[in-house]
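The structure under discussion appears below in the form of structure tokens.
Bear in mind that the values here come from a model prediction, so they are computed numbers and not experimental data. One-based numbering, in listed order, for ligands and for the atoms of each.
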Amino acid sequence: MAAELIDGKGFAARIRDDIKRGVDQRTRRGLRRPGLAVILVGDDPASKVYVGHKRNDCEQVGIESQVLELPFSTTEAEVLHHIDEYNADPSVDGILVQLPLPRHVDSTRVIERIRPDKDVDGFHPYNIGRLVQRIPALRPCTPFGVIRLLESIGEPFKERDAVVVGASNIVGRPMALELLLAGATVTVCHRFTRDTEAHVRQADLVVVGVGKPGLVKGEWIKEGATVIDVGINRMDDGRLVGDVEFDVARERAAWITPVPGGVGPMTRAMLLQNTLDAARHHDG
Ligand SMILES: Nc1nc2c(c(=O)[nH]1)N[C@@H](CN(C=O)c1ccc(C(=O)N[C@@H](CCC(=O)O)C(=O)O)cc1)CN2
């Protein structure tokens, strides 16, 4: 029987409704709206689309957003200067620098410059360190969103062998950490892994975030597994596809996320959640 689809788009819409209620409650109590500042450097078309979505999401839930669009030639020192200004601005609760950055700007130095309490992407080493120790923190949005999706389908983490394919800073590594904290037994496959297929074949839960269409073959998926596809790849004909060979995987899995409409909308919803949480923290 074909797997059930995990409806990230629908779930994210419900989370946005909750966040809107949280924002409205603040304004009724005389508190200011949460503020998000987004920095976009260069003109990568996909980044522009994502930043546009984030701006619309903020408008929908009542978060004040501002987007600073900087040319590709912007220096690292200039980006750091803008971050310093947002760090000092009390109306800004969250700062996000859209990735990837041009090669002449060091993303690690940029992320480290953001005040950890305004790091709504959850990428700052301080927040990652807190997450490692299970201390409440701003959590990286994509893995946080995946955990929320898995909780929504009643995933029994503690009984599961999970395999994460990909070990990026944004997805794979924090994803493995989140699954570990949720109680799963976790294996991470990366570019030096000798036999990714063998690991995926025995996994009860597979999370893939590499950015290569069809990297994980449908026939590798164990019968009844849960498959979370974080990949978003735009094909020449304009279609968006994930990293998993969807049609075949769907015949074997019990649950699977679609692309589009799976993890992507949840990443954006968790950004709103982090921004609201940061504002609550800033209330004192
Ligand atoms: N500073 C950050 N940069 C990047 C992040 C991030 O979390 N923080 N993640 C990705 C891009 N990303 C968010 O910025 C992102 C990508 C895609 C979606 C999304 O909603 N996808 C939709 C389809 C959208 C489309 O039409 O193209 C879907 O999957 O249904 C949300 C967020 C890299 N950079």
Protein residues having a heavy atom less than 4.0 Å from any atom of ligand 1:
Tyr50, His53, Lys54, Leu96, Val97, Gln98, Leu99, Asp121, Phe123, Ile232, Arg234, Leu240, Pro260, Gly261, Gly264, Pro265, Thr267, Arg268
State yes or no: are the ring centers of Phe72 and His104 separated by less than 6.0 Å?
yes
What pairs meet the salt bridge (Lys or Arg N to Asp or Glu O under 4.0 Å) rule with one or both residues in residues 57-71, with sequence neighbours excluded?
Arg55-Glu69, Asp57-Arg268
Joining Ile, Leu, Val, Met, Phe, Trp and Tyr whenever any side-chain heavy atoms lie under 4.5 Å apart, the cluster holding Leu5 also takes in Val163, Val165, Val200, Val206, Val208, Val210, Leu215, Val216, Trp220, Ile221, Val227, Val244, Phe246, Ile256
With Ser91 via side chain to side chain donor-acceptor pair (under 3.5 Å) - residues at least two apart
Asp89
Taking Arg139 first and then Glu178, would you say they form a salt bridge - that is, a charged N and a carboxylate O separated by under 4.0 Å?
yes
Do Lys48 and Gln98 pair up side chain to side chain, a donor and an acceptor below 3.5 Å, judged on atom types alone?
no
